[in-house]
Amino acid sequence: MKQELDKAYNPSLSEDKIYQIWEQSGYFNPDNLDLPKNAKSYTIVLPPPNITDKLHMGHAATVAIEDLLIRYHRLRGDRTLWLPGTDHAAIATQNVVEKKLLRGQGKSRQDLGRAKFLEEVWVFLKETQSTILMQVRKLGASLDWSRLSFTLDEERQLAVRTMFSEMYKEGVIYRGERIVNWCPRCHSTLADDEVEYKEQSAKLYAFKYDKNFPITISTTRPETKLGDVAVAINPKNERYQKYLGQEFTVDFCGQALKIKIIADRNVDSNFGTGALGVTPAHSLVDWQMAQANNLPVIKVINEDGKIKNGFGKYSGQTALVARLEIVKELEAKGLLEKEEEITNNLSVCYRCGTPIEPLPSRQWFISVDQKLKKLGNKSLKEKAIAVAESGEIEFIPERFNKRYLDWMNNLHDWCISRQIWFGHQIPVWYKGEETFVGLEAPQGDAWVQDPDTLDTWFSSGMWTFSTLGWPLNFKDGKKINDLAKFHPTQVLETGYELITLWISRMIMMSFFALGEIPFEKVYLHGMILDKQGKKMSKSKGNGVDPLDMIDKFGTDATRLSLLMGTTPGNDSRFSEDKVEAKRNFINKLWNISRFILTTTDEKYFATPNNKEPKAKTLADKWILGEMNNLILRTTENLNNFDFSLAADDLSDFTWDKLADWYLEIAKIEKNKEEILIYLLKNLLILWHPFIPFVTENIWQSFNDQLLLIAQWPSAKKKLIAEEAKDLKLIQEIIVAVRNARQENKIEPAQKLEAVIYGQEATKLLNDQKEMILGLRTGLATLAVKEKGEKIDKAIMVAVGGVEIYLQGTIDEAKEKARLLKEQVNLEKLINLQTQKLNNSEFVEKAPPAIVAAEKEKLVNYQTELSKIIKIIKSL
RNA sequence: GGGCUCGUAGCUCAGUUGGUUAGAGCGCCACGUUGACAUCGUGGAGGUCACAGGUUCGAAUCCUGUCGGGCCCACCA
């Protein structure tokens, strides 16, 4: 079935076709893999992309890394499942559709009403969802599409409702009043981490409530002072000590207020006047102070960001207008003492940028501190902390373990209700005073469902097990079917910005539902920045569309550029030049394969990849040794998540060792077909997780089976250093001689081995009168015109491993000089080494392994030196 | 204020628990290239590994401090 490779590799012609072959093979689904019963499972769930976004570089990185892991484990014979899905992204999606509606029809969501609006959302969603899934395919993702999930499909709705009612039953979910972050534009609460901070300059006003009040307070928000119930001072503040505990009735801009003087250590005596007006309804800190001191809560601002009724002329004004009006009134009454410019952080909604109003509101919460019997009387928070501390869940890179723990240790109850329409509607129904929590509405008409929806992270927090069939696959506390086979998953791979939003929630949710961790390892990749190191964003227009890169350079090159030169958890810059360089490499691999396959008879194609062929020459021994070590290192690197290192190493072998040296040798030494095919097959397997398309393409041209399910090669133990070193020297000589032979000025290659052992070295070299080496590929001319530094340099280069220098009439003196130089170098090294080993401190204090290694080095130098001396003597 | 991270060639970055002479890609310069490959080959220039101390027989690597980027958390009344 030999099928010749095209002269030039064109990814755009073949990638889609190959993806189709894979998909049709069914091997993306682990159920179709031919595996022994006891094969290990290896599962990753794809972080579900939001259906609002088209793919960006972050997704491409995610796919590159996860597909790499998945393909590697599939090749290793694991029961490998990569589970796809999409996220409904409640608020984000609603915002996008709202904007579209407003732009298109000039209508708001309220104009349409809930049902109509949701219809619009679903139309939008169907369209973008299929686009996104197509794009994920384009990236070559070997996802099991038969298990495709959506955070809002029927199965996930069942999972979410079950989760909610079980949590409610056990008292983990409760309804309560608390200060929430309220976005007056989105008309919804926001979680703490959905709030962003924007630095701004603000005015800090200092004033008294009325002229009888003894303390001047300072604030940037005078309008909220209409709801003040106390003034807080630092307990150490001597100036106001005498007022502590006193109560005053004041007339603040026409509003009668009861103000108690309280102490709180959070108050900074040096900020403003050192006295803080306590507004429980509109500040979290103040709320806590009010609770601690049993003070009432007076709401001033409503859900629209306007002053509530009951505050005289201010009622109905927006907060900002009211603020200016109050300042004007204070000024008129002579109460305003000071006005200064300060910079502070304004909290704004992460979706729309509108300033947040902290408001007391009745919401649904998940208690993170509620002790649970089924968790050994531990809370979700305690469990989630314990698994990170014990290492049961491992973060890669490790430092994110600390960031996770810092977050978890300060975790408060999680507000899960959102006042938006799109999402999982809260499965709670009310009838008068009655409340029903369950999967479906109870019988009867009078029941009304809670209008709120759940925080989008509630459903994505369940992602590892809701996708595997929970709760149906969880019977009597036992996992069955997919849930038993694939949970806990092995790796959760995502961007580090999701540690708080997503990862912490997944861990808690999994503990509640299953009493176990959701994943064993968390691999966190950095952000993909633009060429200047700036965050890619739609508004800045500096984003790079991965699909553009794919069109231009192919998926493999795009993926490889995201995997190389990057380290976990560190941001990396993306540049087109890098993708181009990888494209060039892929072309090189293509040409290497083309050369091997076109010069090899078809009957050798069946050479197995897992049985090392016999080495006939030293060059063979060398390259097979290199391949053996490459297999060992690649396996180790991938097990350690060192993708960049693995790819560097593979490139070095492919380009420098195989293409530049061994293939050149193979042009002279014959009968290398088995070795070449063996090398090619293993090289393609090792590369496949990184660059799946081109490797499969080449593989298909000379194999009947798919590379997708080939067998990862095994290796013998590492060759000892000395052997490898010898082989490297040999390799140099082989090539030098081979080149000389091409000039028809040297004996045939059969004599190579003799050369290597130095027996006929002199004779061969002496024959090379007037010879210049390195006129062709693989070697270069090294022109040395004079003695001195330049010669030394040239000699160094020669010794350094690339070529042997010979010029004009063979100059024995020069050759001798080269050898002498090497001798001197070696002697110097041996001296240093001997000194080192004679140093008793070193021998005693350095680890034995290092001492042994150093001794080995000394031996190596000595053997090398004796070889050199032998050659010099024979000259 | 607390924490994390980075500073290595002109640029982008590697550097595998401290170990001979610190690497790659791109860029630059020179030379070469008619059958695997110009998407190429060979060579070259280019580094006080931010700085200062310390630990060690030995430091780009570990510790302390300084300077300079980036990020996270808290506070900002």
### Nucleotide paired to B:A30 in any strand shown, Watson-Crick or G-U, under 3.5 Å
B:U42
### Watson-Crick or G-U counterpart of B:A52, or none if no pair lies under 3.5 Å
B:U64
#### Entry: A:E337 atom CD, over 12 foreign heavy atoms within 6.0 Å
yes
## Note on the structure
As its Watson-Crick or G-U partner within any shown strand, both distances under 3.5 Å, B:G1 has B:C73
### Atom P, compared across B:C63 and B:G47: separation rounded to whole Å
29 Å
### Task
Rounded to the nearest angstrom, tell me the gap between atom CG in A:D571 and atom P in B:C72.
10 Å
### Task
Using a 4.0 Å heavy-atom cut-off across all strands, classify A:D642 as base, sugar-phosphate, or nothing.
nothing
### Message
What I want to find out is whether A:R403 reaches A:D406 closely enough, with some N-O distance under 4.0 Å, to be called a salt bridge.
### Response
no
### Query
Expressed as a whole number of Å, how far does the P atom of B:G10 sit from that of B:U55?
33 Å
### Message
Distance check needed: B:C71 P versus A:I499 CD1, whole Å only.
### Response
16 Å
### Task
List the steps, then state whether ring-ring contact (aromatic ring centres under 6.0 Å, His included) holds for A:F585 with A:W687.
CA-CA 12 Å; A:F585 170 77; A:W687 268 119; 4.9 Å; yes
### Query
Base, sugar-phosphate, or nothing: which does A:S283 touch, judged by heavy atoms less than 4.0 Å apart?
nothing
### Task
Could you check A:N591 against A:K531 and say which one's nearest nucleotide on RNA chain B is further toward the 5' end?
A:K531
### Summary
Winner on side-chain proximity to A:K7, out of B:G3, B:C37, B:C40, is B:C37
### Pairwise C1' distance, B:A60 and B:U56 [rounded to whole Å]
16 Å
### Query
Touch check for A:A232, heavy atoms < 4.0 angstrom, all strands: base, sugar-phosphate only, or nothing?
nothing
### Message
Looking only at the side chain of A:N584 (C-beta and beyond, no hydrogens), which of the listed nucleotides B:U16, B:U5, B:U39 gets closest?
### Response
B:U39
### Query
How close or far is atom P of B:G2 from atom CG of A:N410, stated in whole angstroms?
16 Å
### Query
Could A:R583 and A:E580 be called an ion pair, given the rule that one side-chain N must be under 4.0 Å from one carboxylate O?
yes
### Summary
Considering only heavy side-chain atoms of A:N587, the closest of B:U39, B:G15, B:C26 is B:U39
### Task
Would you please confirm or rule out a distance under 4.0 Å between OP1 or OP2 of B:G41 and any side-chain N or O of A:W655?
yes
### Task
Could you give the distance separating B:A50 and B:A45 at their C1' atoms, to the nearest angstrom?
24 Å
### Message
Aromatic contact between A:Y404 and A:F400, with the criterion being ring centroids under 6.0 Å apart: yes or no?
### Response
no
### Task
Report which part of the nucleic acid A:K578 touches: base, sugar-phosphate, or nothing (heavy-atom distance under 4.0 Å, all strands).
nothing
### Query
What's the closest nucleotide to the A:N570 side chain, out of B:A36, B:U5, B:G3?
B:U5
### Message
Taking the C1' atom in each of B:U21 and B:G2, what is the distance between them to the nearest angstrom?
### Response
44 Å
### Distance, rounded to the nearest Å, where A:E357 contributes CD and B:A77 contributes P
13 Å
### Message
How many whole angstroms separate atom CG of A:L405 from atom C1' of B:A74?
### Response
17 Å
## Note on the structure
By nearest-nucleotide position on RNA chain B, the 5'-leaning member of A:R221 and A:F585 is A:F585
### Query
Quick one: is A:R573 getting a side-chain N or O under 4.0 Å of the B:U12 phosphate, OP1 or OP2?
yes
### Task
Quick one: do A:M536 and A:F574 satisfy side-chain contact (heavy atoms from CB on, under 4.5 Å)? Show the steps, please.
CA-CA 10 Å; A:M536 290 187 183; A:F574 185 87; 4.0 Å; yes
### Query
Any side-chain N or O of A:R403 under 4.0 Å from OP1/OP2 of B:G3?
no
### Message
Please report the distance, rounded to the nearest Å, between CZ in A:R633 and P in B:G15.
### Response
16 Å
### Message
Tell me if the side-chain of A:K588 makes a donor-acceptor pair with the base of B:C37, cut-off 3.5 Å, by modelled atom types.
### Response
yes
### Query
According to the Watson-Crick and G-U wobble definitions, with both distances under 3.5 Å, which nucleotide is paired to B:C11?
B:G25
### Query
Expressed in whole Å, how much space separates the P atoms belonging to B:C62 and B:G18?
8 Å
#### Entry: Basic-acidic side-chain contact under 4.0 Å: A:E576, A:K552
yes
### Message
Roughly how many Å apart are B:G32 and B:C13, using the P atom of each and rounding to a whole number?
### Response
36 Å
### Message
Applying a 4.0 Å non-hydrogen cut-off, can you work out what A:R594 is touching in the nucleic acid: base, sugar-phosphate, or nothing?
### Response
sugar-phosphate
### Query
A:T219 near the nucleic acid: base, sugar-phosphate alone, or nothing, with a heavy-atom cut-off under 4.0 Å?
sugar-phosphate
### Message
Under 4.0 Å, counting only non-hydrogen atoms across every strand here, what does A:T567 touch: a base, just sugar-phosphate, or nothing?
### Response
sugar-phosphate
#### Entry: P spacing across the pair B:G58 / B:G53, given as an integer number of angstrom
16 Å
### Summary
In whole angstroms, the gap separating P of B:C13 from CE of A:M527 amounts to 13 Å
### Task
Can you figure out which of B:G3, B:C37, B:U5 approaches the side chain of A:K402 most closely?
B:G3
### Query
What do the steps show when you test A:D571 against A:Y496 for side-chain hydrogen bond (donor to acceptor under 3.5 Å, both in side chains), and what is the final call?
CA-CA 10 Å; A:D571 298 345; A:Y496 59 75; 2.9 Å; yes
### Message
Need one value for A:V285: base, sugar-phosphate or nothing, where a base atom within 4.0 Å counts as base even if backbone is also close, heavy atoms only.
### Response
sugar-phosphate
### Query
For the pair made of CZ in A:F400 and P in B:C6, what is the distance, rounded to whole Å?
10 Å
